[in-house]
There are 2 protein chains.
Amino acid sequence: MTPKKDVTIYDIARQLNISTSTVSRALQDHPAVNKLTKKKVFKTAGEIGYQYNTFAGSLRKKSTSTIGVIVHELNSNFITSVLAGIEKVTSEAGYDIIIAHSSESYTKEAANAVNLFHKRVDGLIASLAFDTKNLDHYQPFHKKGIPIVFFDRVEPTDNSTVVVIDNFKCGYQATKHLIDQGCKRIAHITASLNRNVYAQRYQGYKKALSEHNLPFEKKQVIINDLSEEAARNAAYQLLQCTQIPDGVFITNDFTAAVFIQTLKENGIVVPDDIAIVGFNNDAISKLIEPKITTFNYPGIEMGEIAARQVVAHLKGEQNLQLTNTIIIRSDLIIRESSLKKHTPLSIVGT
Amino acid sequence: MTPKKDVTIYDIARQLNISTSTVSRALQDHPAVNKLTKKKVFKTAGEIGYQYNTFAGSLRKKSTSTIGVIVHELNSNFITSVLAGIEKVTSEAGYDIIIAHSSESYTKEAANAVNLFHKRVDGLIASLAFDTKNLDHYQPFHKKGIPIVFFDRVEPTDNSTVVVIDNFKCGYQATKHLIDQGCKRIAHITASLNRNVYAQRYQGYKKALSEHNLPFEKKQVIINDLSEEAARNAAYQLLQCTQIPDGVFITNDFTAAVFIQTLKENGIVVPDDIAIVGFNNDAISKLIEPKITTFNYPGIEMGEIAARQVVAHLKGEQNLQLTNTIIIRSDLIIRESSLKKHTPLSIVGT
DNA sequence: GAAATTTACGCAACCGATTGCAATTATGAC
DNA sequence: GTCATAATTGCAATCGGTTGCGTAAATTTC
């Protein structure tokens, strides 16, 4: 609308009777500029209200000092922690970040990728949506040599680093824990097995069952979108089985919370009738009754590590081309929802 | 790192033996370009992998088709809904958005403002942090005529539109509701009264008390950061009063949930001993026991309206200069946490 | 005090798209 | 076939920094 003319380095140069080169260099604190000159430049810059023009700079430099971040959602503690971790590292290294979220939609994820590519981010950190099955939309980045690090929701790739937790192990641990509590019929509620995190937890679940000679039944595995409605439906579905399960491993705390609520509404006692293990260590897991046994998801750490990888690559300290997988520790946090009566309370965490 | 040369409109022009002007116009689907030429341009553009260079374009056009959004946090349903609303409207109007969050810190909010200003957003939508007391960091936007719309967390201003709910009324309603339930000693847990939303709810609370001849006591008002720890401390503090309250209005559902949990741990029965009203209608409000009476916060609507204001201004359809306040409807959702025994269940919502 | 360095600064060519205005070509009217 | 009008296209300046290279001035060296 208002085409107010901007204050540029030309204005500073004119005012001080020096060249724009010197002004530009002074503004960058370049060593080849006299200290006095720098001082004068900064002074008049402030006086006449100079503002750096990112476009001119980026256009010339072909770099933006900006790192793009694509996440699959925003409203979870996990993601917020990751973002905090990323921000910490990137800002210390002098990079800005642009956050885009896909709301678990492949289409939006792809659109975001295109957009960030156009915005010429210097690097990318991403977590895939539920239904993202291929990584084609990231090809332009690879072609241009822009480093990408995937975290949490990843896909096998030849040219990027991935930062994850050991989902297989978590799935195994969760199930093993339920078995240790005496559960014989353990169900599993999760999301699309196309997504690595769910696929691997599922494998871990199966492994634990078979290792302990418990039957694996298709009916006991419910795959949905982990929404509130899905959680309720899952509960009703399981309650209608001839043999209702005595343990359920649910890959999301919110879903687990709704599930538990639905059970309670139907007179089922958790954990005595059905023991529950959730996932993510969301705030809600400690607030509902019973408190949910879950897995701690080290968000900040994941964010920091992912960001550090990208930054290291950009600064030329390290090359990401070599495929690289970083696995971060995650822990089972045992709370009330999975502890059958006989267990001594002393081992209950908070 | 890798200074691969970009494909530009010059490459297309050379290939087709036409001028860059024509290519540029063809790419924009300008009417003054022959249809056949356009077709050829798009074809070769695709073939040689042309990518629009945002910087060159923005530098020349002095506009970015991007709207900045500054929020005070990310992990709440409310904010996520607002973002969804904003995204819907802006993307339909052909604008991108850049999301920045301040984590309730004034310093980060100001830094984000500077950053978005440098990124030359065409418009700004913002919600203030807890401790933001002045709007100086938005001056550069005003000076350049960049429209700003504040939502929810706002500050009186002469040159921006604000989109809010009637917080005074909510505070009044919440308190009135508790009074109707028979509460005589109503406490209030909230955050910094510098922030409009809390200040106004507080005023509403006071008004309701005085209107019903209930004493207002400083001790009954606890101001903190609404964190988990703060919620617990508040609970202990109130329990130590000689006369513990029989109703509490808490301006945040998460805080209310922790507060209720702490009460229960100490043998207090909600709502019978103490009735509770929360705020925001977060997912958690329906999942804990008892379900929390709260206020619905129309996030999507707020986002849409805020975005529409900015877009309308940018398209020249409307001027935001004239101060403008838009108030959105919000509703008290009555659930178990505030309903004293005698109340007929039939009016209980879900 | 002349030669060798070092320190500061300026020149001018970019980066890639946009756009007012002029020029050329095509189409239509008579 | 001529002239007016409309449809296309090109010229060239512009947006605001950046940076390799060259040069003048200041400092050091012997």
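Proteins get letters first, then strands, A, B, ... in listed order; numbering begins at 1 in each.
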Of all pairs that satisfy ring-ring contact (aromatic ring centres under 6.0 Å, His included), the ones with a partner from residues 50-91 of chain B, not counting sequence neighbours | B:Phe78-B:Tyr297
Is the distance from OP1 or OP2 of C:dG16 to the nearest side-chain N or O of B:Gln51 less than 4.0 Å?
-> no
Indicate whether OP1 or OP2 belonging to C:dG16 is found under 4.0 Å from a side-chain N or O atom of B:Tyr50.
-> no
Are any of the side-chain nitrogens in A:Glu73 or A:Arg153 under 4.0 Å away from the carboxylate oxygens of its partner?
-> no
Does a salt bridge link B:Arg195 with B:Glu155, judged by any charged N lying under 4.0 Å from a carboxylate O?
-> yes
Please report, rounded to the nearest Å, how far the [atom2] atom of [N] is from the [atom1] atom of [X].
X       : N      : atom1 : atom2 : result
B:Lys62 : C:dT18 : NZ    : P     : 15 Å
A:His30 : C:dT6  : NE2   : C1'   : 14 Å
A:Asp29 : C:dC9  : CG    : C1'   : 16 Å
B:Lys61 : C:dT19 : NZ    : C1'   : 12 Å
B:Ile9  : C:dC15 : CD1   : P     : 13 Å
A:Asp11 : D:dG16 : CG    : C1'   : 10 Å
A:Gln28 : D:dG16 : CD    : C1'   : 13 Å
A:Arg60 : C:dA13 : CZ    : C1'   : 8 Å

Distance-only donor-acceptor test (3.5 Å): side chain A:Tyr52, base D:dG16 | no
Flag yes if more than 12 heavy atoms outside A:Lys39 fall under 6.0 Å of its NZ atom; otherwise flag no.
-> no
Exceeds 12 heavy-atom contacts within 6.0 angstrom, atom NZ of B:Lys133 = yes
Partners passing ring pair (Phe, Tyr, Trp, His ring centres under 6.0 Å) against A:Phe141 (at least two apart in sequence or in another chain) | A:Phe117
Correct closest heavy-atom pair for B:Leu116 and B:Gly68 would be CD1-CA, 4.0 Å
Shortest non-hydrogen contact between B:Ser24 and B:Ile9, atoms and distance = CB-CD1, 4.3 Å
Take the C1' atoms of the five end pairs on each side of the helix from C:dG1-D:dC30 to C:dC30-D:dG1, get both axes, and report the angle to 10 degrees.
-> 30°
Using the test side-chain hydrogen bond (donor to acceptor under 3.5 Å, both in side chains), find all partners of [X] that sit at least two apart in sequence or belong to another chain.
X        : result
A:Asn196 : none
B:Asn17  : none
A:Ser102 : none

Close aromatic pair by centroid cut-off 6.0 Å: A:Phe150 and A:Tyr138 | yes
N/O donor-acceptor pair under 3.5 Å between B:Gln139 side chain and B:Leu135 backbone = no
Of the nucleotides C:dC9, C:dG16, D:dG17, which one has an atom closest to the side chain of A:Asn53?
-> D:dG17
Which atom pairs link the protein and nucleotides 23-26 of chain D when you take only N or O atoms and keep those under 3.5 Å?
none

Got a sec, which residues hit salt bridge (charged side-chain N to carboxylate O under 4.0 Å, His left out) with B:Asp11, two or more places apart in sequence or on another chain?
-> B:Arg14
Within residues 14-25 of chain B, the residues having a heavy atom closer than 4.0 Å to DNA chain D are B:Asn17, B:Ile18, B:Ser19, B:Ser21, B:Thr22, B:Arg25
Numerically ordered, the residues 34-44 of chain B set in heavy-atom contact under 4.0 Å with DNA chain D is B:Asn34, B:Thr37
Pick one: which of B:Val33, B:Thr22, B:Val41 meets side-chain contact (heavy atoms from CB on, under 4.5 Å) with B:Leu27?
-> B:Val41
Show me the side-chain donor-acceptor pairs of residues 89-98 of chain B shorter than 3.5 Å, one per line, residues at least two apart or across chains.
unit_1	atom_1	unit_2	atom_2	d
B:Thr90	OG1	B:Ile86	O	2.8
B:Thr90	OG1	B:Glu87	O	3.3
B:Ser91	OG	B:Glu87	O	2.9
B:Ser91	OG	B:Lys88	O	3.3
B:Asp96	OD1	A:Asn115	ND2	3.0
B:Asp96	OD2	A:Asn115	ND2	2.9
B:Asp96	OD2	A:Lys119	NZ	3.1

Can you pull every protein N or O that's under 3.5 Å from an N or O on nucleotides 24-28 of chain C?
none

First locate atom OG1 of A:Thr20, then atom CD1 of A:Ile18, and finally report the distance between them rounded to the nearest 0.5 Å.
-> 9.0 Å
